[in-house]
Number of protein chains: 2
Amino acid sequence: MNIYRRLPKQETQTERHRGDNLNILIDNKSGAPIYDQIYSQIKSQIISGALDENEMLPSIRGLAKDLRISFITTKRAYEELEKEGFLYTIPGKGCYVAPKNVELLREENLKKIEEHIEEIVKLAVTCNLSKQDIIEMVNFSMEEER
Amino acid sequence: MNIYRRLPKQETQTERHRGDNLNILIDNKSGAPIYDQIYSQIKSQIISGALDENEMLPSIRGLAKDLRISFITTKRAYEELEKEGFLYTIPGKGCYVAPKNVELLREENLKKIEEHIEEIVKLAVTCNLSKQDIIEMVNFSMEEER
DNA sequence: ATAACTGTATATAATGAATATATACAGAAG
DNA sequence: CTTCTGTATATATTCATTATATACAGTTAT
């Protein structure tokens, strides 16, 4: 695994280890919680395909050691990812990238879309916009879509 | 002003006082902060037209006394409403319902709605949702609206 | 002018959720 | 059995939110 900027070292590695494909960079100035940075970065690397299905991820303790944080923090990131179905865990063994689940991503996006729609409904009510008005706006914005 | 359920009393009132048209009911079990409950209820009564333009609202101290809370809490609600243009304040005198600026409110909300729709479009594209799918979701969420 | 109202400004206390942790426990692998 | 792996529970810390008291300043009517 590549932590911070210790990338060059990897060039000379001959053996492959668990988590070698994972890159994590913690930005202390970002304001985002550590567990969330880990969560997001792993998630996007899983979605992008940078990590293979069923590939073993670094252990929560190993990753924590490299990042010099408590393993409970890495655990929290992994937990979140597992809850969302992006990885699976075998206690005593390790954590693995879950097979890609298109439906899962769809569900996630649907949830986000619902949230946006909720906001829109609130706004529409306060300025007396009708359902039809909103639908027309959507129609307009998605003209190019089918 | 009508606080809690002391509504019947109003029936016998002959004189009109500032804030007589305002109804506030604080629900301690709701979980919503007090200032927010006040804010929301006044806002909706202004938008609905239950309160007239330039009508004097109860003083932050008077309202606070009736609600048996600190006047700083009522002030916070009023502050928020003023920031959003729903009321205006004359220091030393009182707070008044702002003249309805329907166009401004509408324009602001339209802009926000457009932004939400843009986000929705992005999400819809990445998970192959059709325009019709989105419209159906909007329809569902706005079932009760006209 | 002065009492009794209005709103304002600043500093402070209380609460609670979010974040990160240590420590003790249990399964897997060599 | 030693050393990995993940798990569970209890705890500390931090920080934004919420609510407050107190001192200040403008307005109004007596």
Side-chain angles (χ1 to χ4, degrees), chain A residues 1 15-20 22 24 26-42 54-83 85-98, chain B residues 1 15-20 22 24 26-42 54-83 85-98:
Chain A
M1 72 194 105
E15 275 185 76
R16 304 291 292 161
H17 298 99
R18 67 184 326 204
D20 271 351
L22 182 66
I24 301 286
I26 299 300
D27 177 6
N28 289 314
K29 290 181 297 181
S30 88
I34 301 172
Y35 81 89
D36 197 54
Q37 295 187 42
I38 298 169
Y39 160 82
S40 303
Q41 292 177 39
I42 295 180
N54 299 310
E55 177 174 346
M56 195 181 242
L57 290 162
S59 76
I60 57 176
R61 288 166 194 274
L63 180 58
K65 197 175 176 188
D66 283 328
L67 294 174
R68 296 176 192 180
I69 57 176
S70 162
F71 71 87
I72 310 214
T73 304
T74 52
K75 169 150 178 62
R76 177 160 179 187
Y78 278 37
E79 256 173 358
E80 201 63 31
L81 289 164
E82 180 159 32
K83 214 187 293 173
F86 288 103
L87 59 81
Y88 60 94
T89 298
I90 303 177
K93 294 193 73 177
C95 301
Y96 306 83
V97 176
Chain B
M1 73 196 104
E15 274 185 76
R16 304 291 294 162
H17 298 99
R18 66 184 329 203
D20 272 350
L22 183 65
I24 300 286
I26 299 301
D27 178 6
N28 289 315
K29 291 180 296 181
S30 89
I34 301 172
Y35 80 89
D36 197 55
Q37 296 186 41
I38 298 169
Y39 161 83
S40 303
Q41 291 177 39
I42 295 181
N54 300 309
E55 177 173 347
M56 195 180 242
L57 290 162
S59 75
I60 57 176
R61 289 165 193 272
L63 180 57
K65 198 176 176 188
D66 282 328
L67 294 174
R68 297 177 192 181
I69 57 176
S70 163
F71 71 87
I72 310 216
T73 303
T74 51
K75 169 148 179 61
R76 178 161 180 188
Y78 279 35
E79 257 174 358
E80 202 63 32
L81 289 164
E82 180 158 32
K83 214 185 295 172
F86 289 103
L87 59 81
Y88 61 94
T89 298
I90 303 177
K93 294 194 72 178
C95 301
Y96 305 82
V97 176

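To find a chain, count down the sequence lines: A is the first, B the second, and so on, and within it residues start at 1. Below, all heavy atoms of this structure are taken into account, side chains as well, without hydrogens, waters or symmetry copies.
Using a 4.0 Å heavy-atom cutoff across all strands shown, A:Y78 reaches no nucleic acid atom at all.
A pairwise comparison of heavy atoms in A:P58 and A:Y78 identifies O-OH, 2.8 Å as the closest pair. Heavy-atom minimum distance, B:K93 versus B:M56: O-CE, 4.1 Å. For the pair B:A64 and B:F71, the tightest heavy-atom approach, listed with the atom from each and the gap, is CB-CA, 3.3 Å. Between A:A32 and A:Q37, the closest heavy-atom pair is O-NE2, 2.9 Å.
When each of A:R76 and B:G94 is assigned the nucleotide of DNA chain C bearing its nearest heavy atom, the one mapping closer to the 5' terminus is B:G94.
The separation between B:I34 atom CD1 and D:dA19 atom C1' is 7 Å, rounded to whole Å. Counting to the nearest Å, the P atom of D:dA19 and the CZ atom of B:R68 are 18 Å from each other. The separation between B:I60 atom CD1 and D:dT20 atom P is 13 Å, rounded to whole Å. Atom P of nucleotide D:dT5 and atom OH of A:Y88 are separated by 17 Å, given to the nearest angstrom. Per the geometry, NZ belonging to B:K65 stands 16 Å off P belonging to D:dT20, to the nearest Å.
Read 5' to 3', the first and last nucleotides of DNA chain C with an atom closer than 4.0 Å to a heavy atom of chain B are C:dT6 to C:dA9.
When the side chain to side chain donor-acceptor pair (under 3.5 Å) test is applied to B:Q41, no partner is found at least two apart in sequence or on another chain.
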B/S/- contact track for nucleotides 24-30 of chain D, protein heavy atom under 4.0 Å:
--BSS--
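Note that CD1 of B:I38 and CG of B:L63 are 5.5 Å apart. Values are rounded to the nearest 0.5 Å. Annotation: the span from A:T74 atom OG1 to A:I69 atom CD1 amounts to 5.5 Å, rounded to 0.5 Å. Atom OH of B:Y96 is separated from atom CD1 of B:I90 by 4.5 Å, given to the nearest 0.5 angstrom.
OP1 or OP2 of D:dT5 sits under 4.0 Å from a side-chain N or O of A:S59.
Looking at B:E80, its side chain never comes within 3.5 Å of a backbone N or O of B:Y39 through a donor-acceptor pair.
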